[in-house]
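Remember, predicted model here, so these are calculated numbers, not experimental data. What's counted below: heavy atoms across the whole structure, side chains too, no hydrogens, waters or symmetry copies. Just so you know, ligand 1 is whichever comes first in the structure, and atom 1 is the first atom listed for that ligand.
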Amino acid sequence: MRDRLLAAEKVKAIDWRDNTLYLLDQRNLPFEETWVACDSAARVAEAIRSMVVRGAPAIGISAAYGLVLAARARFAAGGDWLAALEADFALLAESRPTGGNLFWALNRMRERLDRVKDLAEPLTALEAEAMSIHESDREANLTMAQLGVDLIRRHQGNPQALLTHCNTGALATGGFGTALGVIRAAWLEGMVERVHVDETRPWLQGSRLTAWELASDGIPVTLNADAAAAHIMKTKGVTWVVVGADRIAANGDVANKIGTYQLAVNAMHHGVRFMVVASSSTIDMNLASGDDIPIEERDAAELLELAGKRVGADVEVFNPVFDVTPADLIDAIVTEKGVVERPDAAKMAQLMCRKRLH
Ligand SMILES: CSC[C@@H](O)[C@@H](O)C(=O)COP(=O)(O)O
């Protein structure tokens with residue numbers, strides 16, 4: 001299946017070339033395909049904050065390249081460049097708070113830096129580390145796609161209707177996608193009749209990005225308002241909800257795009273299975289439970305305005321952009337190290353001791 005998945009890779013959102021990070025500007029999709037060139041850590045941090053690039057894995061990869069840009073600039077400036085680089089680590093780490101891949105990628109860059117900082121030329125090694133983070137995410141996507149398909153096949157006949165939330169495809173990752181990777185692979189295997197896509201208010205990752213990715217692949221897709229999800233589970237024969245994750249705690253609680261938690265509650269009520277697909281770089285074993293995951297709150301304008309036009313009344317706004325789904329509502333967490341069914345702390349600890357399967 002791997003070769004078929006590789007052949008199906010089309011969209012690319014992150015491009016590192018000529019010492020510059022090029023990011024496909026996701027704020028303008030699906031109508032305009034424009035790229036933002038980042039030549040400094042500050043520009044990368046701003047691109048993450050303003051959602052030029054989004055999706056936990058893509059944010060982590062971008063931050064790693066951002067650190068390469070920072071190291072180049074600090075090294076060239078001379079003096080105590082390692083001390084100066086700490087400001088860039090902090091700037092990138094502050095860009096978005098919830099996704100675990102950002103901190104994981106910066107930690108990997110720091111570990112590599114510690115090993116090479118005394119070399120006459122440490123920059124090549126840092127660039128190689130960022131490229132390896134990028135490539136390993138791509139590989140993890142392929143492995144997870146196969147494992148997710150196997151899981152669906154084990155549990156149910158075909159073809160089937162799936163429901164997804166937010167965007168977890170090529171735009172959100174370094175490769176084929178996490179949850180959307182599983183869905184795209186299941187389609188290639190002839191296992192999908194239709195994919196129901198939540199619009200994903202307020203930023204519309206579902207209607208603008210996921211619907212676009214699925215339609216470009218020729219996959220039958222139906223867009224729905226987030227509030228229609230329970231009704232769809234009840235009436236449209238949905239067998240699996242398949243979503244990604246921004247951070248997974250040590251007990252298997254999952255932070256993902258706001259609205260995921262209510263999908264899981266509804267899935268349990270309707271006997272629909274609930275699958276989370278995320279690489280091990282999203283799992284944060286330092287956080288005992290989902291209560292410890294910081295939840296990003298974004299600007300009130302995201303709710304009060306539509307396409308730049310004011311639509312909401314002048315009231316206080318609460319705009320958390322992620323929520324936490326408790327582990328006991330999750331049927332399976334699919335990672336590149338394997339699948340954890342009915343996750344709990346002991347199973348997550350066992351998973352993290354395993355090697356990657358690719
Ligand atoms: C492979 S992407 C997984 C998650 O990052 C995704 O589901 C999500 O919630 C993205 O949120 P976003 O705010 O668009 O960055």
Side-chain angles (χ1 to χ4, degrees), residues 11 13-14 23-27 29 47-63 95-105 134 136-138 140-145 148 163-184 197-213 226 241-248 254-264 274-284 290 293-299 302-303 319-325 330 333-336:
V11 178
I14 302 173
L23 297 169
L24 179 58
D25 193 339
Q26 302 193 28
R27 299 170 303 181
L29 291 173
I48 295 171
R49 196 199 58 72
S50 64
M51 313 242 314
V52 168
V53 61
R54 42 139 309 274
I59 290 170
I61 294 163
S62 301
S95 57
R96 285 193 78 189
T98 302
N101 308 57
L102 169 63
F103 308 100
W104 173 87
H134 194 166
S136 71
D137 188 64
R138 187 172 173 226
N141 285 184
L142 298 171
T143 306
M144 293 186 293
L163 188 144
T164 193
H165 191 68
C166 197
N167 173 266
T168 59
L171 294 169
T173 63
F176 199 64
T178 56
L180 213 59
V182 169
I183 292 171
R184 294 171 73 193
V197 174
D198 284 352
E199 144 187 76
T200 318
R201 284 280 291 147
W203 211 75
L204 306 179
Q205 287 92 335
S207 56
R208 297 194 306 105
L209 310 178
T210 302
W212 178 69
E213 281 200 48
D226 297 344
V241 172
V242 189
V243 294
D246 288 86
R247 204 171 328 194
I248 303 178
V254 168
N256 191 48
K257 181 51 57 192
I258 190 76
T260 304
Y261 176 28
Q262 64 193 19
L263 285 181
F274 193 89
M275 182 195 307
V276 175
V277 188
S279 75
S280 58
S281 53
T282 308
I283 302 172
D284 188 341
I293 301 176
I295 299 295
E296 178 182 7
E297 290 176 31
R298 291 184 70 88
D299 203 284
E302 289 186 353
L303 285 175
N319 183 23
V321 297
F322 298 100
D323 59 26
V324 174
T325 300
I330 296 169
I333 298 180
V334 176
T335 77
E336 85 289 5

Kindly indicate, with the supporting measurements, whether the criterion side-chain contact (heavy atoms from CB on, under 4.5 Å) is fulfilled by T98 and F322. CA-CA 8 Å; T98 302; F322 298 100; 3.4 Å; yes

For the atom pair CG (D226) and CG (D198), what is the distance rounded to the nearest 0.5 Å? 5.0 Å

Near ligand 1 (heavy atom, under 4.0 angstrom), the protein residues are M51, R54, G55, A56, P57, R96, C166, N167, T168, A172, T173, T178, Q205, A245, D246, N256, K257, F322

Out of curiosity, T282 OG1 to W104 CH2, how far, rounded to the nearest 0.5 Å? 9.0 Å

Between the side chains of E297 and N319, does any donor sit under 3.5 Å from an acceptor? no

Could you list the residues that satisfy side-chain hydrogen bond (donor to acceptor under 3.5 Å, both in side chains) with E296, not counting sequence neighbours? R96, R298

State, without any angle test, whether T210 and Q205 hold a side-chain donor-acceptor pair at a distance under 3.5 Å. no

